[in-house]
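First the structure, in the form of structure tokens, and then the observations on it.
Numbered from 1 within each chain, the chains take letters A, B, ... in sequence-line order.
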Protein chains: 2
Amino acid sequence: MAEKKAIADALICTVDVVLLTLHEQQLQVALIEREHAPFEGALALPGGYVRTAQDRSTTEAAVRVLREKAALASPWLEQLGSFSGPERDPRGWSLSVAYYALVPAALLEGQPGLQLRPVARLPRLPFDHRAIIEAAVARVRTKSQYSSLPVHLCGETFTLPQLQAVYEALLGEPINKVSFRRKIDQLGMVEPVEGAQELGRANRPAQLYRLRRAFRQKLSLLERGLNARN
Amino acid sequence: MAEKKAIADALICTVDVVLLTLHEQQLQVALIEREHAPFEGALALPGGYVRTAQDRSTTEAAVRVLREKAALASPWLEQLGSFSGPERDPRGWSLSVAYYALVPAALLEGQPGLQLRPVARLPRLPFDHRAIIEAAVARVRTKSQYSSLPVHLCGETFTLPQLQAVYEALLGEPINKVSFRRKIDQLGMVEPVEGAQELGRANRPAQLYRLRRAFRQKLSLLERGLNARN
DNA sequence: GAAATAGTGTCTATAAGACAGTATTTT
DNA sequence: AAAATACTGTCTTATAGACACTATTTC
């Protein structure tokens, strides 16, 4: 017993990253033109082979992909799940571990290789990239209902009205202002930047906030969720 | 450009299933003795190689593992995530796609190969199986707060007091009976079995319920969660 | 000071939880 | 009829949402 049979079937193993941002009040996904076959030249998710000599996990492979293809250092990054099968890649039976990343739109500007597309109107995509993006969007929307996840779409500092607009764009419906502020307060994820306000507009300036250190790497969760509606 | 380099690094690709059930009011995981090296004879999660000739996805591989190793046909099964790295398996860089399954305890009885262990007191386990189980348990507990997931730990029919006890065992705290029934009503996942009651005990018999057809394959979700406490 | 939006106080509506009552079985 | 637990009605408390008022800026 325990003979050494064929140790494992050959199988293509990749990572793909659904890089999401908020641009023009819409959730958008960053796509790049593929440099190699198959589907050379087509718009697709940034991705690549897992390199066992280099990557100490698929998460590290995803971090590497983001660094190499989108020049991003440490955005919010979480595993979404695996997508596998004999048909999804013309090269053969393949498995892709998909991740999603959230970044402020400003970090993607001036990167000619990256093309933003609204997730509500996706172009034709190779492999099962459409299904992967849709799964990522569903995950992000669900998590936005009861967590601090959306702050990772904001920049270093932001106002509460801006943060509320981000939540509203993700949830697709208006949120009651008073309730929203009570929830943000409960989440305890942000702190005011003392003396910093967003000036320059013809109205009362808004207080600037930033994400607390403790929430850079982890999420804050609500027991009851943000019950949208106004 | 697009030269055919080494198409992909060799890499061990497996699936592991965290098979959970409720036994003696405790969440327990089913482990089996490994038949082959490495860790031959040790208790571990049921798992196996992804067989590209046979399995049309990693989900199908997990279904096959459950059938072959636990004689289970179609329990609740969901992907948990992937676990990967050079160190987790002594054979080399490996990736395991982990799944979790929920079954009524009755389906596991009389299977000498399966050993139940409370997730609160796990034995020493090979690979990163402890971390995988802990991730599965965390996922199941979180989902139990706002979904119909726990019904899959009940048998074909069950009473509301039984279902409440399942939720309480998972959440680890008592739930208000009136609120619980209101929530179950909102979820709309169960229907009474006409004329069927659980008799035989020295008290008023409880109405038997069953999961509605529409919820066999999908979950019902609450907007506000089951806010435990009594 | 008019316009515009930020931020807050407070009332109302809805949902959760406590409690106690009635219901129905076995012994 | 006593014991036990199922089920339900209803009051109380907590949370969410509506609304309006004050605050602070630019023009």
Side-chain angles (χ1 to χ4, degrees), chain A residues 25 144-148 154 157-169 171-210 220-230, chain B residues 25 144-147 154 157-169 171-188 190-210 220-230:
Chain A
Q25 276 90 257
S144 296
Q145 284 171 13
Y146 61 88
S147 83
S148 57
C154 291
T157 64
F158 47 84
T159 68
L160 293 186
Q162 283 168 358
L163 183 59
Q164 181 171 348
V166 171
Y167 273 89
E168 288 174 338
L171 301 179
E173 46 188 352
I175 301 171
N176 179 282
K177 182 170 55 167
V178 177
S179 300
F180 177 75
R181 285 164 181 252
R182 276 194 291 242
K183 289 290 186 181
I184 294 303
D185 204 50
Q186 275 179 45
L187 279 168
M189 64 187 175
V190 299
E191 59 191 0
V193 183
E194 294 304 335
Q197 298 186 318
E198 192 202 35
L199 294 163
R201 301 174 60 209
N203 54 36
R204 175 172 172 177
Q207 174 65 47
L208 283 171
Y209 289 80
R210 71 174 150 241
S220 176
L221 303 178
L222 283 171
E223 263 200 9
R224 289 173 200 258
L226 269 154
N227 299 300
R229 278 187 296 277
N230 195 4
Chain B
Q25 276 88 261
S144 297
Q145 284 171 13
Y146 60 88
S147 83
C154 292
T157 64
F158 47 85
T159 68
L160 292 186
Q162 283 168 359
L163 183 58
Q164 180 170 350
V166 172
Y167 272 89
E168 288 174 338
L171 301 179
E173 46 188 353
I175 300 172
N176 178 283
K177 181 170 54 166
V178 178
S179 300
F180 177 75
R181 284 164 181 253
R182 276 194 290 241
K183 289 289 186 181
I184 295 303
D185 205 50
Q186 277 178 46
L187 279 168
V190 300
E191 60 190 1
V193 183
E194 293 304 334
Q197 297 186 318
E198 191 201 34
L199 293 164
R201 302 175 59 213
N203 53 36
R204 174 171 171 179
Q207 173 64 47
L208 283 171
Y209 289 80
R210 72 175 148 239
S220 176
L221 303 178
L222 283 171
E223 262 200 10
R224 291 172 200 257
L226 269 153
N227 299 299
R229 277 186 297 277
N230 194 1

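Side-chain N or O atoms of T157(B) include none that pairs as donor or acceptor with a backbone N or O of L208(B) at under 3.5 Å.
With a 4.5 Å cut-off on side-chain heavy atoms, V166(B) and C154(B) count as touching.
Between the P atom of dG17(D) and the CZ atom of F180(A) lies a distance of 13 Å, rounded to the nearest Å. In this structure, N176(A) places its CG atom 15 Å from P of dA13(C), rounding to the nearest Å. Note: OH (Y167(A)) to C1' (dA16(D)) measures 17 Å, nearest angstrom. As a whole-Å value, the separation of L199(A) CG from dC27(D) C1' is 15 Å. At whole-Å resolution of the value, NZ in K183(B) and P in dT14(C) are 15 Å apart.
In this structure R181(A) satisfies the salt bridge (Lys or Arg N to Asp or Glu O under 4.0 Å) test with no other residue, sequence neighbours excluded.
For the atom pair CD1 (I184(B)) and OG (S179(B)), the distance works out to 11.5 Å, reported to the nearest 0.5 Å.
Ring geometry for Y167(A) against F180(A) counts as perpendicular: the plane angle is over 60°, on a 0 to 90° scale with 30° as the lower cut.
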Which donor-acceptor pairs under 3.5 Å do the side chains of residues 185-204 of chain A make with protein atoms, sequence neighbours left out?
residue: E191(A); atom: OE1; partner: R212(A); partner atom: NH1; Å: 3.2
residue: E191(A); atom: OE2; partner: R210(A); partner atom: NE; Å: 3.0
residue: E198(A); atom: OE2; partner: Q162(A); partner atom: NE2; Å: 2.9

* Structure fact -> B/S/- along nucleotides 3-10 of chain D (protein heavy atoms under 4.0 Å) is BBBBBBB-
